[in-house]
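Reckoned from all heavy atoms, side chains included, excluding hydrogens, waters and symmetry mates. Since this is a predicted model, take the numbers as computed values, not measurements.
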Amino acid sequence: MAIKKQTMRASSDIQQSMGPREWAMLLMLSLVWGGSFFFVEVAVTQLPTLTIVFTRVLLAAIALWGVILLTGRAVPRSFAVWRAFLMMGLLNNVIPFALIVWGQKTIASGLASILNASTPLFTILVAGLLLTDERMTLRKGFGVVIGFVGVVIMIGGDALWGLGQGVWAQLAVLGAALSYAFAGVFGRRFKALGVEPVMTAAGQVSASSVILLPMVWLFDTPQSLSVPSMGVIGALVALALVSTAFAYILYFGILERAGATNLLLVTFLIPVSAILLGAVVLGERLELLHFVGMGLIGCGLAAIDGRLLALVRRAQ
């Protein structure tokens, strides 16, 4: 009960329907996170997973603290703020990254993507229980279902054949989605604490780096690794600066303005961005089902945002 009250006190008014600026930020976030798959695909050829994750958050932390120092932003001194950074790092990076990595050792990436797309559903449930201004509604639930079906269609029904095999691995990926949902809700408190998005981004990746350091040293034994190629180093730098540092500035900016439910709709858009990038950059062919899936995702997003219902009412 104490947790619920604390979370609700951290809640403050947000925009239930996103404006053009918030939608642009959400689309940009999906693009930079969708592009992270390309960078990771290069990095995993020469480096173990935890090392990639640790390097990603560490370099992002260095870049973000550089921005903070150059712009003269005040560094929080409150113990409550730094404790919140630590919890955010656990919920938003360490726990979900570890669960997804462990899960994908057993299940295919397509199935993992579908399971990860359950994040908005978990977010609606968690936010509806813990936040006064993000209550669960039938409209939101309907939009999530439509968007989720769109993700399944776009990724391909073949990915669902893995259901029933590797149950613990699937539960791990679902656990990661649930952790992301709690992170989105927990992150709402930074606005109430007076911490701006750049500082929040820097604080939580710094906390993640501290938590991950002993894990990397224990499991990956980095002292025994060979120096990676320039291509891998470039992929790591891009992953850290673009898909982490810049992405988290967008992430916390959307969270502050539009709330957890709207923010985590990005998990619907990431597969769209990844597939479109594959078509543009790698020349991969777009199938009819891709367009059908994207259309359903768009309808789902519009339903959650309230615009689809408004258009239907206007047409009557």
Side-chain angles (χ1 to χ4, degrees), residues 3-4 6-12 14 25-26 29-30 32-33 36 53-54 56-57 60-61 64 80-103 112 115-131 133-134 136 144 171-193 195-212 215 243-270:
I3 296 176
K4 182 174 181 179
Q6 183 182 15
T7 308
M8 290 177 69
R9 282 199 303 268
S11 175
S12 56
I14 49 100
M25 292 170 68
L26 192 73
L29 180 60
S30 73
V32 295
W33 270 352
S36 69
V53 175
F54 172 70
R56 174 181 184 175
V57 294
L64 287 167
V81 171
W82 286 96
R83 182 178 58 190
F85 286 157
L86 184 65
M87 182 59 70
M88 192 67 187
L90 277 170
L91 291 173
N92 207 36
N93 291 327
V94 178
I95 292 175
F97 285 174
L99 288 175
I100 289 172
V101 168
W102 185 82
L115 294 173
N116 189 56
S118 64
T119 299
L121 176 59
F122 284 126
T123 305
I124 286 177
L125 294 174
V126 174
L129 289 172
L130 299 181
L131 297 176
D133 56 354
E134 293 195 52
M136 182 170 55
V144 166
L171 289 175
V173 178
L174 286 173
L178 181 60
S179 186
Y180 281 133
F182 275 105
V185 171
F186 184 86
R188 285 286 306 279
R189 70 187 56 216
F190 289 107
K191 182 178 181 180
L193 289 170
V195 184
E196 59 180 318
V198 174
M199 187 65 68
T200 305
Q204 65 110 29
V205 290
S206 299
S208 300
S209 302
V210 172
I211 296 168
L212 284 166
M215 298 171 61
S243 298
T244 308
F246 177 60
Y248 273 133
I249 294 174
L250 292 171
Y251 175 100
F252 288 107
I254 300 168
L255 182 61
E256 180 180 88
R257 298 168 64 90
T261 302
N262 285 326
L263 165 66
L264 291 171
L265 297 177
V266 73
T267 56
F268 285 163
L269 291 172
I270 289 173

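- Of all heavy-atom pairs spanning Ala247 and Val32, the tightest one is CB-CG2, 3.7 Å.
- The heavy-atom pair separating Ala84 from Phe186 by the smallest distance is O-CE2, 3.4 Å.
- Applying the side chain to side chain donor-acceptor pair (under 3.5 Å) test to Ser208 and every residue at least two apart in sequence or in another chain returns Asn93.
- Contact annotation: the side chain of Met199 never approaches that of Val81 to less than 4.5 Å [non-hydrogen atoms, C-beta and beyond].
- For Ala172, the side-chain contact (heavy atoms from CB on, under 4.5 Å) partners are Leu99, Trp102, not counting sequence neighbours.
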Give the table of side-chain donor-acceptor pairs shorter than 3.5 Å for residues 176-183, with sequence neighbours excluded, one pair per line with atom names and distance.
unit_1 : atom_1 : unit_2 : atom_2 : d
Ser179 : OG     : Leu91  : O      : 2.7

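- Looking at residues two or more places apart in sequence or on another chain, you find a side-chain contact (heavy atoms from CB on, under 4.5 Å) between Val266 and Leu26, Leu29, Ser30, Trp33, Ile270.
- The OH atom of Tyr248 sits 5.0 Å away from the CD atom of Gln204 when rounded to the nearest 0.5 Å.
- Take Phe85 and apply the ring-ring contact (aromatic ring centres under 6.0 Å, His included) test, not counting sequence neighbours, and it matches Trp82, Phe190.
- Interatomic distance, Leu90 CG to Leu212 CG, rounded to the nearest 0.5 Å: 9.0 Å.
- Considering CG of Leu255 and CG of Asn92, their distance stands at 9.0 Å, rounded to 0.5 Å.
- From Leu64, atom CG reaches atom CD1 of Ile249 across 5.0 Å, with rounding to the nearest 0.5 Å.
- Residues that satisfy the side-chain contact (heavy atoms from CB on, under 4.5 Å) test with Leu86, not counting sequence neighbours, are Ala207, Ile211.
- Rounded to the nearest 0.5 Å, atoms CD (Glu256) and CZ (Arg188) are 10.0 Å apart.
- To the nearest 0.5 Å, the span separating CE on Met25 from CG on Leu263 amounts to 9.5 Å.
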